[in-house]
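Here the structure is a predicted model, which is why all the values come from computation and not from measurement. Each chain gets a letter, A, B and so on, in the order the sequences are listed, and its residues count up from 1.
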Amino acid sequence: MSTTAPASAPVASPDRVEIVPRKVPVILTVITVALALAVALGAQDGDTTFRLATGKDLFQLPDVVVPAELTAWIGIVVMALVSVDSWRRQLTGHRTPMWETALYAVVGLLAFLAWAAADGTIPMVGLLSGSLALAVPLVFGALGGVLGERAGVVNIAIEGQLLFGAFAAAIVGSLAAPPLVSALGESAGDFTGAIVASAGAAFAGMLVAVLLAVFAVRYFVEQVIVGVVLNVLVIGVTSFMFSQVLAPNAATLNSPPRFRAIDIPILGDIPLIGPVLFRQTLLVYALYVAVALVTFALWRTRWGLRLRAVGEHPKAADTVGIKVNRTRFRTVLLAGAIAGLGGASYTLVAVSQFNREMTGGAGYIALAAVIFGKWDPIRATLAALLFGFASQLQGTLSVIGSPVPSQFMLMLPYVVTLFAVAGLVGHSRPPAASGQPYKLG
Amino acid sequence: MQLALRNITKRFGALVANDHISLTVEPGEVHCLLGENGAGKSTLMNVLYGLYQADEGEIVLDGEVQSFAGPGDAIASGIGMVHQHFMLVPVFTVAENVVLGNEQTGFAGKLDLEAAREKVREISARFGFHVDPDAVVEDLPVGVQQRVEIIKALSRDAKVLVFDEPTAVLTPQETDELMGIMRQLKSSGVGIVFITHKLREVREVADRITVIRLGKVVGEAEPTASNTELASLMVGRAVELTVQKDAPTLGDDALVVSDLVVRDDTGLAHVNGMTFTVRAGEVLCVAGVQGNGQTELTEALMGLQEHVAGSITLDGKELVGRNVRQVLDSGVGFVPEDRQVDGLVSSFTIAENLMLDRSFSGPFVSAGTVRRADLDAFAQAKLEEYDVRAPGITTQAGNLSGGNQQKVVVARELSKDLRLLVAAQPTRGVDVGSIEFIHKQIIATRDAGVPVVVVSTELDEVVALADRIMVVYRGQIVGIVPADTPRDVLGLMMTGERPAGVA
């Protein structure tokens with residue numbers, strides 16, 4: 001052992017070998033085989049028409065007509081090729097790139113549609129705009145979930161907030177609309193009535209959030225338990241009120257006004273995109289604004305920086321003078337208001353009536369969108385849109401009459417959720433302190 | 001700014017963490033607060049920083065009595081803190097961390113990150129820190145993260161800086177650099193409170209030393225005091241700082257590790273091709289800065305890691321691929337590095353903890369039931385043999401002090417037919433008196449002919465125990481050197497430099 005001046009001989013840095021999970025190629029293969037089996041067993045003759053136009057576009061896109069069986073098989077071949085390539089990458093220690101998965105999804109979907117709707121017409125505009133409409137509560141719910149978890153509170157109560165929002169919107173709308181209609185006239189009165197009802201929905205969502213915040217933030221109760229209990233509580237309260245109060249007085253208490261679609265000039269006339277995105281109700285436009293605002297606020301403002309600090313490392317936030325629990329409390333309230341607003345879309349858009357348990361677990365799907373979207377508002381929105389699409393697809397196909405049993409089609413949104421969350425999320429990292437109460441000492 | 005604490009008292013229930021503590025810090029002075037773990041140093045600083053409210057006493061700045069409702073007030077009055085566990089958000093950038101809580105904003109509450117970057121650059125330039133404002137904190141080495149903490153405090157115009165055990169996570173070289181930074185801060189007029197239990201550092205940088213024991217000030221010392229004087233003041237009795245041990249009686253090669261590679265789930269190699277041998281009756285100390293593969297190495301030895309390649313043989317039997325129980329059954333004793341998480345079940349009694357690794361069969365279990373009487377007799381004997389200070393064997397492990405918890409772990413692991421002892425950080429957070437005891441036990445195990453692997457990030461401990469020292473850096477072995485290797489060489493090796501002449 002010499003003690004002379006050390007000769008510099010730095011040790012090499014550790015290398016990284018990709019440990020690639022097998023789930024992506026497995027999922028791709030399973031879906032390909034399933035589709036191939038379906039097409040082989042249920043042969044469909046005839047052509048499938050994809051309709052891309054509506055009556056009042058700037059210019060008319062022609063219908064796309066393809067032979068059903070052939071298109072399906074071409075799609076299956078492409079899917080098989082992607083699956084094989086995915087296996088090849090997996091075996092050589094590489095991940096399947098995003099573009100390949102995306103290509104697979106689009107081709108697979110078109111192949112499936114072409115086969116399922118043989119001899120029929122698929123209204124693409126209706127399919128996509130319907131998806132957006134169905135996704136509205138999911139997106140609002142997911143935004144509420146993202147905000148809550150980013151601040152360190154798991155918001156399982158999204159379901160309850162949606163349901164209570166829907167309930168409140170129905171009652172507030174029913175009560176507010178008649179005087180407003182007599183003061184402002186039929187359409188303006190309905191419109192303002194619906195806006196008042198939406199505010200009521202947001203307030204109702206916030207009420208549920210107050211309970212969540214009091215127990216989870218103030219009294220450190222396990223957040224998941226509180227959330228689930230709140231969901232059950234809201235189901236109980238609204239179902240009871242529905243059968244005892246709303247149903248007997250449906251005309252005065254359960255007939256809220258509706259939001260009608262508003263065409264945005266020029267933007268609304270762009271073929272395909274226009275009718276899908278810009279011939280929607282005020283709630284959908286509010287959604288665009290909400291997504292943009294939440295994204296900006298979360299990533300670009302002081303408010304967002306503090307909120308994320310509280311969710312990642314509350315003690316660090318505390319030591320620079322940020323009130324951790326106050327921040328969490330307020331964020332949970334805001335998240336509840338946003339989710340509650342989403343509930344309004346159940347009673348103020350498609351059907352203007354409240355029904356018991358009408359959200360049907362959408363809050364849990366929104367929660368899945370939060371995770372699938374990696375706690376990012378934009379990605380969570382995209383995830384919610386995907387789930388909305390799965391629901392709408394099921395509806396559309398059951399109208400056209402597809403060879404797949406309707407029970408299977410009803411499963412679609414949930415199967416998509418399961419695959420998305422379990423299989424395709426990949427490496428994601430929740431906010432470090434999500435779900436952990438903060439107390440000193 | 002002059003800081004004075006007067007008669008600070010802080011109680012937690014019946015426990016008096018701080019008992020009428022007074023001290024003053026002048027501008028441009030380094031005041032060392034010396035005491036063992038649990039002496040009440042951190043509590044005192046948390047009171048100063050507004051995280052706790054004092055039950056009695058007052059904080060005085062330049063003659064004015066302050067009342068801090070929270071850290072925000074303390075910061076506003078010019079108190080800055082470099083925490084032992086860094087108070088940085090790992091996923092934020094340096095600039096974001098520095099301005100957090102003190103942000104400048106533009107239109108619509110938009111963050112002005114450019115101003116934040118400028119601030120980081122300005123302070124880094126002033127002290128020669130070389131910190132990139134846009135680096136994400138979790139990607140930075142620990143030493144640099146600590147500088148971010150310092151920048152954070154200085155960016156809020158701190159006049160008094162508290163360093164809470166700042167050297168615990170640093171290499172010897174980084175520690176030297178930190179001492180330089182402290183001197184620089186001092187000359188710019190900042191008052192410094194330096195909390196530590198490491199005697200060497202105290203004497204190097206302190207202007208004044210206050211020693212705390214069991215929540216009370218027990219004395220002041222001059223920086224010229226010797227290690228032994230300081231240690232006895234700290235512990236309250238004379239202590240042996242080094243273990244008496246004879247030259248080892250070496251047996252055959254017992255533990256043979258070759259080409260060991262341990263990866264985590266993301267494929268990163270934390271142990272990257274280690275090959276070494278430990279002979280019976282020998283202590284091999286694994287030295288290195290925390291996070292260089294030591295945890296993964298010990299866990300791989302125990303069968304706790306999933307992606308392990310290479311070979312580990314004990315007395316000729318292969319251990320790779322065996323599960324933990326098989327490894328335990330082949331006679332491996334394991335003192336894990338975090339006793340609270342991996343070593344004990346804190347809600348179990350001492351007796352229950354003592355039989356944790358023998359719950360399948362053996363002396364304490366027959367026909368699926370625990371033989372309470374045998375267990376109690378065993379536990380009582382161990383309680384006395386290992387000098388565990390507890391009311392009795394039914395005391396919950398979580399209610400013991402760190403040193404006594406560790407004695408329980410050591411008692412359990414040494415009470416079986418050992419073929420190998422793996423001890424990771426055996427004396428971390430343990431008081432000086434218990435360190436002495438645990439070190440003696442480890443040496444006694446060695447003298448009984450058992451191969452021992454000790455992992456430690458404390459050079460003092462490494463030097464005290466080792467027959468040979470293996471220095472690791474980034475998952476690789478930098479070199480295996482004799483125990484009498486000079487500390488500066490070891491320190492250099494811990495940064496990955498391989499000195500000339502080391503194989």
With chain B as the partner chain, list the residues of residues 286-304 of chain A whose heavy atoms fall under 4.5 Å from it, by residue number, and write 'none' if nothing qualifies.
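Phe296(A), Arg300(A), Thr301(A), Arg302(A) fall under the 4.5 Å cut-off.
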Any chance [atom1] of [X] has more than 12 other-residue heavy atoms, nucleotides or ligands included, within less than 6.0 Å?
{"X": "Arg487(B)", "atom1": "CZ", "value": "yes"}
{"X": "Phe276(B)", "atom1": "CZ", "value": "yes"}
{"X": "Arg330(A)", "atom1": "CZ", "value": "no"}
{"X": "Arg88(A)", "atom1": "CZ", "value": "yes"}

Between Pro71(B) and Gly321(A), what is the shortest heavy-atom contact and its length?
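In terms of heavy atoms, the two residues are closest at CB-N, 4.3 Å.
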To the nearest 0.5 Å, what is the distance between CG (Leu111(B)) and CZ (Arg306(A))?
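Nearest 0.5 Å value for the CG-CZ distance: 9.5 Å.
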From CD (Glu149(B)) to OG1 (Thr319(A)), nearest 0.5 Å:
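The OG1 atom of Thr319(A) is 7.0 Å from CD of Glu149(B), to the nearest 0.5 Å.
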Chain A: which of Gly109(B), Gly106(B), Gly70(B) shares the most heavy-atom pairs with it under 4.5 Å?
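Option with the greatest count: Gly109(B).
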Chain A: which of Asp488(B), Asp73(B), Asn46(B), Ile75(B) shares the most heavy-atom pairs with it under 4.5 Å?
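The residue among Asp488(B), Asp73(B), Asn46(B), Ile75(B) with the greatest pair count is Ile75(B).
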What part of Leu305(A) lies closer than 4.5 angstrom to a heavy atom of chain B: side chain, backbone, both or neither?
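Both parts, backbone and side chain.
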Counting only non-hydrogen atoms closer than 4.5 Å, can you tell me which residues of residues 86-98 of chain B sit against chain A?
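Counting heavy atoms that sit under 4.5 Å from chain A, the residues of residues 86-98 of chain B involved are Phe86(B), Met87(B), Leu88(B), Val89(B), Pro90(B), Val91(B), Phe92(B), Glu96(B).
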What part of His83(B) lies closer than 4.5 angstrom to a heavy atom of chain A: side chain, backbone, both or neither?
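When you check distances to chain A, only side chain atoms of His83(B) fall under 4.5 Å.
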